[in-house]
Amino acid sequence: MISLQLEGRTVVVTGAGQGQGAAEARLLAAAGARVIATDLSEDMPDGVVASAADSPLYRRLDVTDASGWKDLAGWIGSQGWTVDGLVNNAGITQRSRLLDASVADLQKVYEVNVAGSLLGIQALAPLMGEGSSIVNVGSVAALTAHYPVAYTTSKWALRGLSQVAAMELGPRGIRVNTVHPGFIETPMTATVKPEFRQATLAETPLGRTGTAEEVAGVVLFLLSPLSSFVTGADIPVDGGQSGHGGAKAVSDALR
Ligand SMILES: NC(=O)c1ccc[n+]([C@@H]2O[C@H](COP(=O)([O-])OP(=O)(O)OC[C@H]3O[C@@H](n4cnc5c(N)ncnc54)[C@H](O)[C@@H]3O)[C@@H](O)[C@H]2O)c1
């Protein structure tokens, strides 16, 4: 039967302590998955509300730590579980501009946004079988010339990682897709300047920001058998922000 239900499936979500990751963990658990929510804190963060008796579970994981990934994979194997889904959601931003960004800025962001996702795929793909699904969380920055250069280049790099992974894991029946959120209301965007918000809204055909739950819904679709022939796809979840390529300002000016 084809449905959005994920009963019997085990899904790992990184950066699940707040924002989009927490919403994804909650929705996937509500869809019946055994969710292993992970984040930096030792204890289960408040945002990860258990919707079933045993899901989400919580484990501490710094995605930049290869040995942490190895421990997680070992623990999952020791429970007798396979992995059916991985959501590489953990990410950090860094807002320095082109002429100010340092190599250290780039390295810091790449370590989490790119290397963290690579380590996750390397650690968990061996536990995945036919029908498994990996979702990488990119950004509208990965589809555009968004100004914070370290963040934008890291998310473009993540697209490259996703495409290679889709190609390499496809023969094993493992799908890999990337969702690209636009302006989503989370703790990450709570600190942006009002000008950033206004300028983004002006470029967003739906005329509003998005919610973490709206990203989680697309992630659920990509983890479910309903998307069984979708791999190597870049899917914006951005209210249309990336789709018009700058044409919205012209259209609005001529109304
Ligand atoms: N909010 C937006 O508008 C937006 C837009 C585009 C893309 N994104 C992307 O969506 C994802 C989630 O963003 P969010 O807005 O929920 O962010 P957030 O800052 O609210 O939450 C990110 C979570 O990742 C965790 N994290 C950070 N570094 C980590 C590490 N090394 N190991 C494990 N966990 C770590 C944090 O502890 C936090 O819980 C990120 O990849 C972000 O780049 C967000």
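Counting starts at 1 for both ligands and their atoms, following the listed order.
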Novice: So, applying side-chain contact (heavy atoms from CB on, under 4.5 Å) with Ile36, which one of Val11, Val12, Val83 is it?
Specialist: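 The residue from Val11, Val12, Val83 that satisfies side-chain contact (heavy atoms from CB on, under 4.5 Å) with Ile36 turns out to be Val12.
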Novice: For ligand 1, is Ala16 a contact, meaning one of its heavy atoms is under 4.0 Å away?
Specialist: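 Distance cut 4.0 Å: Ala16 fails for ligand 1.
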Novice: At a 4.0 Å threshold, what atoms of ligand 1 neighbour a non-hydrogen atom of Phe183?
Specialist: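 Near Phe183, meaning under 4.0 Å from one of its heavy atoms, ligand 1 has 3 (O).
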Novice: Below 4.0 Å, non-hydrogen atoms only: which portion of Lys155 touches ligand 1? Side chain, backbone, both or neither.
Specialist: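 It is the side chain that gets close, since no backbone atom is under 4.0 Å.
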Novice: Students should be able to answer this: which protein heavy-atom is nearest to atom 44 (C) of ligand 1, and at what distance?
Specialist: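 Ranking protein heavy atoms by distance from atom 44 (C) of ligand 1, first comes Gln20 NE2, 3.1 Å.
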Novice: Is there at least one pair of N or O atoms, one from Pro181 and one from ligand 1, spaced under 3.5 Å apart?
Specialist: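 No, since none of the N or O atoms of Pro181 sits under 3.5 Å from an N or O of ligand 1.
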Novice: What's the shortest distance from atom 25 (C) of ligand 1 to any protein heavy atom, and which residue and atom give it?
Specialist: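 Protein heavy atom with the smallest distance to atom 25 (C) of ligand 1: Asp39 OD1, 3.5 Å.
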Novice: Can you measure from OG1 (Thr144) to CH2 (Trp156) and round to the nearest 0.5 angstrom?
Specialist: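 Result: 7.5 Å between the selected atoms.
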Novice: Would you say Thr189 and ligand 1 have an N/O pair spaced under 3.5 Å apart?
Specialist: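 It does not: no N or O of Thr189 is found under 3.5 Å from an N or O of ligand 1.
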Novice: Could you tell me, atom by atom, which parts of ligand 1 come under 4.0 Å of a heavy atom of Ser139?
Specialist: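 It comes down to these atoms of ligand 1: 6 (C), 7 (C).
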Novice: Is the number of heavy atoms from other residues, nucleotides or ligands under 6.0 Å of Leu99 CG greater than 12?
Specialist: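 Count not over threshold, so no.
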Novice: Side chain of Asp39, backbone of Ala16: donor and acceptor closer than 3.5 Å?
Specialist: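 Yes.
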Novice: Which residue owns the protein heavy atom closest to atom 15 (O) of ligand 1, what's the atom, and how far is it?
Specialist: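 So the nearest neighbour among protein heavy atoms is Thr186 OG1, 2.5 Å.
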Novice: Taking only heavy atoms of Leu61 into account, list the atoms of ligand 1 that are under 4.0 Å away from them.
Specialist: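 Under 4.0 Å from Leu61, ligand 1 has these atoms: 32 (N), 33 (C).
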Novice: Tell me, do His146 and Val140 make a side-chain contact under 4.5 Å, heavy atoms counted?
Specialist: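 No, every pair of side-chain atoms sits at 4.5 Å or beyond.
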Novice: What distance separates Leu206 CG from Leu201 CG, expressed to the nearest 0.5 Å?
Specialist: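 Here the interatomic distance stands at 11.0 Å.
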Novice: Going by the order shown, which atoms of ligand 1 are within less than 4.0 Å of some heavy atom of Pro187?
Specialist: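 Near Pro187, the atoms of ligand 1 are 20 (O).
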Novice: Find all atoms of ligand 1 within a distance of less than 4.0 Å from any non-hydrogen atom belonging to Asp62, and give their numbers and elements.
Specialist: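 Counting from 1, the qualifying ligand atoms are 30 (C), 31 (N), 32 (N).
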Novice: I need the nearest protein heavy-atom contact for atom 22 (C) of ligand 1: residue, atom name and distance, please.
Specialist: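 I find the closest protein heavy atom is Gly91 O, 4.0 Å.
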Novice: Just wondering, are more than 12 heavy atoms of other shown residues or ligands nearer than 6.0 Å to NZ in Lys108?
Specialist: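 Check fails, neighbour count at 12 or below.
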Novice: Using atom types as modelled and distance alone, determine if a side-chain donor or acceptor of Thr152 lies under 3.5 Å from a backbone N or O of Ala145.
Specialist: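 Side chain of Thr152 to backbone of Ala145: no pair is present.
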Novice: Can you report which non-hydrogen protein atom sits closest to atom 19 (O) of ligand 1, along with the distance?
Specialist: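 Here the closest protein heavy atom is Gln18 NE2, 3.3 Å.
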Novice: Judged by atom type as modelled, is there a donor-acceptor pair below 3.5 Å linking the side chain of Asn89 to the main-chain atoms of Val137?
Specialist: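 Not a single qualifying donor-acceptor pair exists.
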Novice: Compute the minimum heavy-atom distance from Ala212 to ligand 1 and say whether it is under 4.0 Å.
Specialist: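 Not so, Ala212 does not reach ligand 1.
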Novice: Heavy-atom distance under 4.5 Å between the side chains of Leu6 and Leu220, does that happen here?
Specialist: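 Yes, at least one pair of side-chain atoms sits under 4.5 Å.
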Novice: Out of all atoms in ligand 1, which are within 4.0 Å of some heavy atom of Gly182? Include the element for each.
Specialist: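 Selected atoms, number and element: 2 (C), 3 (O), 4 (C), 5 (C), 6 (C).
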Novice: For Gly19, take its heavy atoms, then give the atoms of ligand 1 lying under 4.0 Å from any of them.
Specialist: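 Those of ligand 1 that fall under 4.0 Å from Gly19 are 16 (O).
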Novice: Would you say Pro205 and Lys248 make side-chain contact, with heavy atoms under 4.5 Å?
Specialist: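 Sidechains of Lys248 and Pro205: in contact.
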Novice: What protein heavy atom sits nearest atom 12 (C) of ligand 1, and how far away is it?
Specialist: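 Minimum-distance protein heavy atom for atom 12 (C) of ligand 1 reads Asn89 OD1, 3.2 Å.
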Novice: Looking at Thr178, Leu118, Val179, which one forms a side-chain contact (heavy atoms from CB on, under 4.5 Å) with Asn136?
Specialist: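 The option that passes is Thr178.
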Novice: So which protein heavy atom does atom 27 (C) of ligand 1 come closest to, and at what separation?
Specialist: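 Among all protein heavy atoms, the one nearest atom 27 (C) of ligand 1 is Ile92 CG2, 3.8 Å.
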Novice: Do any nitrogen or oxygen atoms of Ile184 come within less than 3.5 Å of a nitrogen or oxygen of ligand 1?
Specialist: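 Between Ile184 and ligand 1, an N or O pair is found under 3.5 Å apart.
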Novice: Give the residue and atom name of whichever protein heavy atom lies nearest to atom 43 (O) of ligand 1, and the separation in Å to one decimal.
Specialist: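 Residue, atom and distance for the closest contact: Tyr151 OH, 2.7 Å.
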Novice: Could you tell me whether a side-chain N or O of Asp71 sits under 3.5 Å from a main-chain N or O of Gly68, the two making a donor and an acceptor?
Specialist: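 Judged by distance alone, no pair lies under 3.5 Å.
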Novice: Is the shortest distance from a heavy atom of Thr14 to ligand 1 less than 4.0 Å?
Specialist: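 Distance cut 4.0 Å: Thr14 fails for ligand 1.
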